[in-house]
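The structure appears below as C-alpha cells.
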Amino acid sequence: QNARDDTAGLLLWTLKMLGDHPEWASALATTADADGLALRIVLETLRLEQSEFLFRQAREPLSIDGFTVPAGWLVRLCVRESHRDPTVFPDPDRFDPDRFHAMPGRLAYSPFGAITSRHACLGEQITKTVASITLTELARHFTWHVVADGPREFDGWHWTPSERFRISITRRTLDAPTPAN
C-alpha cells in the first residue's frame with residue numbers, strides 16, 4: 001500500500017508541477033527525447049516536493065553545529081530540505097528539470113535513501129519508471145491545465161498539493177503535432 005500511495009502522490013505532484021510550469025508540459029509533448037525529459041521532470045519533482053523523513057536513534061552522543069544530541073535520542077533527517085543546498089542545486093527553489101542532465105552524487109541527491117544506507121528504497125527504479133512512462137503517455141495523448149488550486153497541505157506524514165487541486169484533461173486531436181522519433 002505504501003508504494004501505491006507514494007507513486008500516486010508522486011504522479012499528483014508531477015501534474016501539479018507541470019500545471020504550474022506549462023512550458024515544461026509543452027516541451028514534454030513536443031520533444032524527441034520525451035523519455036529523458038520525463039525522467040528529469042520526475043527527478044526534479046522528487047527534489048522539490050519529496051517529503052519523506054527518516055528517523056534514526058543516536059547510538060552515541062552526536063555533535064552538530066555546536067549542539068549535542070544525547071545517545072538514545074531520535075534524530076530526524078529531512079530529505080526534502082537536504083535537496084535545497086544552493087552549492088549543489090543553484091537557485092534551489094526553481095523548478096528546472098534540466099539540472100538533471102548531470103546527476104549529482106547519491107549523497108547530495110537521494111530521495112529514496114542514500115546508497116550507503118541500509119534503508120534505500122527497493123522500489124526506486126520501478127517508481128521512477130512508472131512515473132516517467134505515465135508522464136510521457138499523458139503528454140503524447142492529452143493536454144491539461146489547472147482549474148482549481150490552493151496552498152500545499154500536510155497530511156500528518158507528507159506534504160501534498162491542495163485538496164482543491166484539480167486539472168482539466170483534454171485528448172489531443174489526431175492532427176496535433178507529435179514528437180519526431
Side-chain angles (χ1 to χ4, degrees), residues 3-52 79-106 108-112 121 123-154 158-181:
R4 180 197 69 216
D5 292 344
D6 288 348
T7 302
L10 173 58
L11 290 171
L12 183 60
W13 271 118
T14 57
L15 289 174
K16 167 82 170 114
M17 287 299 200
L18 292 175
D20 289 349
H21 306 280
E23 68 279 10
W24 288 102
S26 294
L28 184 58
T30 58
T31 185
D33 182 27
D35 294 336
L37 179 54
L39 178 59
R40 292 193 310 274
I41 289 168
V42 168
L43 294 173
E44 179 70 343
T45 300
L46 285 166
R47 184 187 73 79
L48 287 169
E49 298 300 344
Q50 193 266 2
S51 61
E52 293 296 324
V79 177
R80 179 182 183 273
E81 290 77 2
S82 74
H83 293 150
R84 295 297 202 282
D85 182 348
T87 63
V88 178
F89 301 105
D91 197 5
D93 293 320
R94 181 173 52 92
F95 181 73
D96 180 11
D98 282 346
R99 72 175 80 237
F100 285 96
H101 276 297
M103 282 295 292
R106 273 300 260 214
Y109 177 77
S110 55
F112 293 92
C121 178
E124 176 177 358
Q125 293 306 318
I126 292 170
T127 300
K128 291 189 302 191
T129 300
V130 166
S132 296
I133 290 171
T134 300
L135 284 182
T136 301
E137 290 303 307
L138 274 172
R140 278 191 185 131
H141 302 290
F142 300 92
T143 59
W144 65 89
H145 66 278
V146 176
V147 294
D149 204 356
R152 72 182 63 208
E153 299 171 1
F154 188 69
H158 294 95
W159 284 100
T160 63
S162 171
E163 191 174 284
R164 297 181 309 199
F165 176 70
R166 300 287 184 275
I167 59 173
S168 172
I169 300 177
T170 306
R171 185 159 186 80
R172 289 188 185 278
T173 59
L174 292 177
D175 47 35
T178 57
N181 290 329

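Just so it is clear, the structure is predicted and the values come from calculations on it, not from any experiment. Along the sequence shown, the residues carry numbers beginning at 1.
The backbone N or O of Thr143 lies less than 3.5 Å from no partner atom in the side chain of Arg171, so there is not a single donor-acceptor pair. Judged purely by atom type and a 3.5 angstrom limit, Trp13 uses its side chain to pair as donor or acceptor with the backbone of Trp159. The backbone N or O of Glu163 lies less than 3.5 Å from a partner atom in the side chain of Arg166, making a donor-acceptor pair. Looking only at distances, a side-chain donor or acceptor of Thr14 sits under 3.5 Å from a matching main-chain atom of Leu11. A donor-acceptor contact shorter than 3.5 Å is absent between the side chain of Thr31 and the backbone of Ala27.
Salt bridge status for Lys16 with Glu49: absent, with no side-chain N to carboxylate O gap under 4.0 Å. Looking at Glu81 and Arg84, no side-chain N of the basic residue comes within less than 4.0 Å of a carboxylate O on the acidic one, giving no salt bridge.
Nearest heavy atom pair, residue Ala25 against residue Leu18, reads N-CD2, 3.7 Å. Contact between Ala29 and Ala139 at its shortest, heavy atoms only, is CB-O, 3.5 Å. Closest of all the heavy-atom pairs between Gly150 and Arg164 is CA-NH2, 3.1 Å. In terms of heavy atoms, Gly19 sits closest to Trp144 at N-NE1, 4.3 Å.
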**Request:** Please report the C-alpha distance between Asp91 and Phe89 in whole Å, then the side-chain angles of each, then the deciding distance to 0.1 Å, and finally whether the side-chain contact (heavy atoms from CB on, under 4.5 Å) criterion is met.
**Result:** CA-CA 6 Å; Asp91 197 5; Phe89 301 105; over 6 Å; no

**Prompt:** Should Leu10 and Thr127 be marked as a side-chain contact (heavy atoms from CB on, under 4.5 Å) after you check the CA-CA gap, both sets of side-chain angles, and the distance that decides it?
**Reply:** CA-CA 9 Å; Leu10 173 58; Thr127 300; 3.7 Å; yes

**Item:** Working for side-chain contact (heavy atoms from CB on, under 4.5 Å), residues Leu48 and Met17
**Value:** CA-CA 10 Å; Leu48 287 169; Met17 287 299 200; 3.6 Å; yes

Extract all donor-acceptor atom pairs below 3.5 Å that involve side chains of residues 38-47 and protein atoms in other chains or at least two apart in sequence.
unit_1 : atom_1 : unit_2 : atom_2 : d
Arg40  : NE     : Asp98  : OD1    : 3.4
Arg40  : NH1    : Gly36  : O      : 3.4
Arg40  : NH2    : Asp98  : OD1    : 3.4
Glu44  : OE1    : Arg47  : NE     : 2.8
Glu44  : OE1    : Arg99  : NE     : 3.2
Glu44  : OE2    : Arg47  : NH2    : 3.0
Glu44  : OE2    : Asp96  : N      : 2.8
Glu44  : OE2    : Arg99  : NE     : 3.0
Thr45  : OG1    : Ile41  : O      : 2.8
Arg47  : NH1    : His83  : O      : 2.9
Arg47  : NH1    : Pro92  : O      : 2.9
Arg47  : NH2    : Pro92  : O      : 2.8
Arg47  : NH2    : Arg94  : O      : 3.3

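Around CD1 of Ile126, the count of heavy atoms belonging to other residues, nucleotides or ligands within 6.0 Å does not exceed 12.
Atoms CG and CG, from Leu138 and Leu15 in turn, are 6.0 Å apart once rounded to the nearest 0.5 Å. Note that the OG1 atom of Thr136 and the CG atom of Leu37 stand 8.0 Å from one another [nearest 0.5 Å]. Taken from NE2 in His21 to OG in Ser26, the straight-line distance is 13.0 Å, to the nearest 0.5 Å.
Annotation: side chain of Asp149 is in contact with side chain of Asp20 (closest heavy-atom distance under 4.5 Å).
Relative ring orientation between Trp24 and Phe95 is described as perpendicular, the plane-to-plane angle rising above 60° on a 0-90° scale split at 30° and 60°.
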